[in-house]
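See structure below.
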Amino acid sequence: MAPANAVWKYARGIATGKYAGNRWPDDLIVRWSDGEITKYVDVDGDGLHAEEQLAAPNNLCQSAALITGGDFDGDSNDTTPNHDLMVIWASGKVSVYADVRAGGVQNESVVSTAEGNGTWAHARVIAAGEYGMNDWEDDLFVRWSDGEVTMYGNTQASAMGREYVLVPPSPLLRGVAPASPAVGGRPEDPCAVVCGPELYRSTH
């Protein structure tokens, strides 16, 4: 879909979802290294189509550490899918931008205001989806810096859902010192050192 050294080497976060309001293939939101946010609709085997700019390059969005897409306000359905965008900022704040198709990334709802060394500053991977087998709001998977994996069921634009521990923290990660600062000022992830890139090695 793209050769080596293409513009995609500047992508810093991606979030799939239904952002075009149709039942065709999923769409893709990209956060670029300069803070620009764009959307590609109906991504399929033929590649990426119809890029739309949601936010011009800016300093604020450069601190968007993680993004994922899903239904957090409960208004999406199979006939008229209408997904939202969740952002975890480097500070630990968690935001949801509802109904990206209509509002872009302008209508922010703050889910968590934890700043500094708060809980969400330790999130390393997030993924929203319908994991609870119901028609309510989407659930949120989180992999934390200590290797723990949790799920927040039926997470809303105004509050996190109930937390379930799926994989407990790894004792292998306790006391592992960060190797070096990563791009964007976030510390190097100890789990990537002990467990391999973006993986958690379960020993129980």
Check: Other than V7, which residues form its hydrophobic cluster under the rule that side-chain heavy atoms must be closer than 4.5 Å?
Finding: M1, W8, Y10, I14, L28, V30, W32, Y40, V43, L48
Check: Are side-chain heavy atoms of L54 and I29 found at a separation under 4.5 Å?
Finding: yes
Next item on the list: Could you check if a side-chain atom of N82 sits within less than 4.5 angstrom of a side-chain atom of Y19, using non-hydrogen atoms only?
Entry: no
Check: Minimum heavy-atom separation for I37 to C61, with atom names?
Finding: CD1-SG, 3.7 Å
Margin query: Looking at every heavy atom in both P81 and R23, which two are closest together, and how far apart are they?
Written below: CD-CG, 4.4 Å
Note to self: If we ignore hydrogens and angles and just use 3.5 Å, is the side chain of R31 paired with the main-chain N or O of A64 as donor and acceptor?
What the structure shows: yes
Next item on the list: First locate atom OG1 of T79, then atom CG of N22, and finally report the distance between them rounded to the nearest 0.5 Å.
Entry: 12.5 Å
Note to self: Could you check whether any side-chain heavy atom of V142 comes within less than 4.5 Å of a side-chain heavy atom of E148, counting everything from C-beta outward?
What the structure shows: no
Checklist line | Donor-acceptor under 3.5 Å (D75 side chain, D73 main chain) | finding: no
Margin query: For a 4.5 angstrom cut-off between non-hydrogen side-chain atoms, does T150 reach L140?
Written below: no
Note to self: What I want to find out is whether K18 reaches D26 closely enough, with some N-O distance under 4.0 Å, to be called a salt bridge.
What the structure shows: yes
Next item on the list: Flag the pair M151 / Y131 as yes when at least one side-chain heavy-atom distance between them is below 4.5 Å, and no otherwise.
Entry: yes
Margin query: Show the nearest heavy-atom pair for residues V41 and A20, with the distance to one decimal.
Written below: CG1-CB, 4.0 Å
Notebook entry, point to check: Would you say N154's side chain and E137's backbone share a donor-acceptor pair under 3.5 angstrom?
Noted result: yes
Check: For the residue pair D27 and D42, what are the closest heavy atoms and their distance?
Finding: OD1-N, 2.6 Å
Margin query: Main chain of G70, side chain of D138: is a donor-acceptor contact present, judged purely on distance under 3.5 Å?
Written below: no
Check: If you look at every heavy atom in P169 and D146, which pair is closest and at what distance?
Finding: CB-OD2, 3.4 Å
Checklist line | pair R162-Y164: side-chain heavy atoms closer than 4.5 Å | finding: yes
Notebook entry, point to check: Going by heavy atoms in the side chains, are L85 and V105 under 4.5 Å from each other?
Noted result: yes
Next item on the list: Could you tell me whether the side chain of H83 reaches within less than 4.5 Å of the side chain of V100, counting heavy atoms only?
Entry: no
Check: At what distance, to the nearest 0.5 angstrom, does CG of L66 lie from CZ of R143?
Finding: 10.0 Å
Note to self: Does H49 form a side chain to side chain donor-acceptor pair (under 3.5 Å) with D44? I'd like the steps, not just the answer.
What the structure shows: CA-CA 9 Å; H49 317 287; D44 56 21; 2.9 Å; yes
Check: Can you pull the side-chain hydrogen bond (donor to acceptor under 3.5 Å, both in side chains) pairs that have at least one residue in residues 100-111, sequence neighbours excluded?
Finding: K93-E108, S95-E108
Margin query: Looking at A128, is its backbone amide N or carbonyl O close enough to the side chain of T68 to form a donor-acceptor pair, meaning the two atoms are under 3.5 Å apart?
Written below: yes
Notebook entry, point to check: Under the side chain to side chain contact (heavy atoms under 4.5 Å, CB included) criterion, do V149 and W144 qualify, and how do the steps go?
Noted result: CA-CA 6 Å; V149 178; W144 302 94; over 6 Å; no
Check: For the side chain of D84 and the backbone of V96, is there at least one donor-acceptor N/O pair under 3.5 Å apart?
Finding: no
Margin query: Does atom CD (E51) have a neighbourhood of more than 12 heavy atoms from anything else shown, all under 6.0 Å?
Written below: yes
Check: Are W120 and Y152 near enough that their ring centres are under 6.0 Å apart?
Finding: yes
Next item on the list: Measure across D139 and G153 and return the closest heavy-atom pair with its distance rounded to 0.1 Å.
Entry: OD1-CA, 3.3 Å
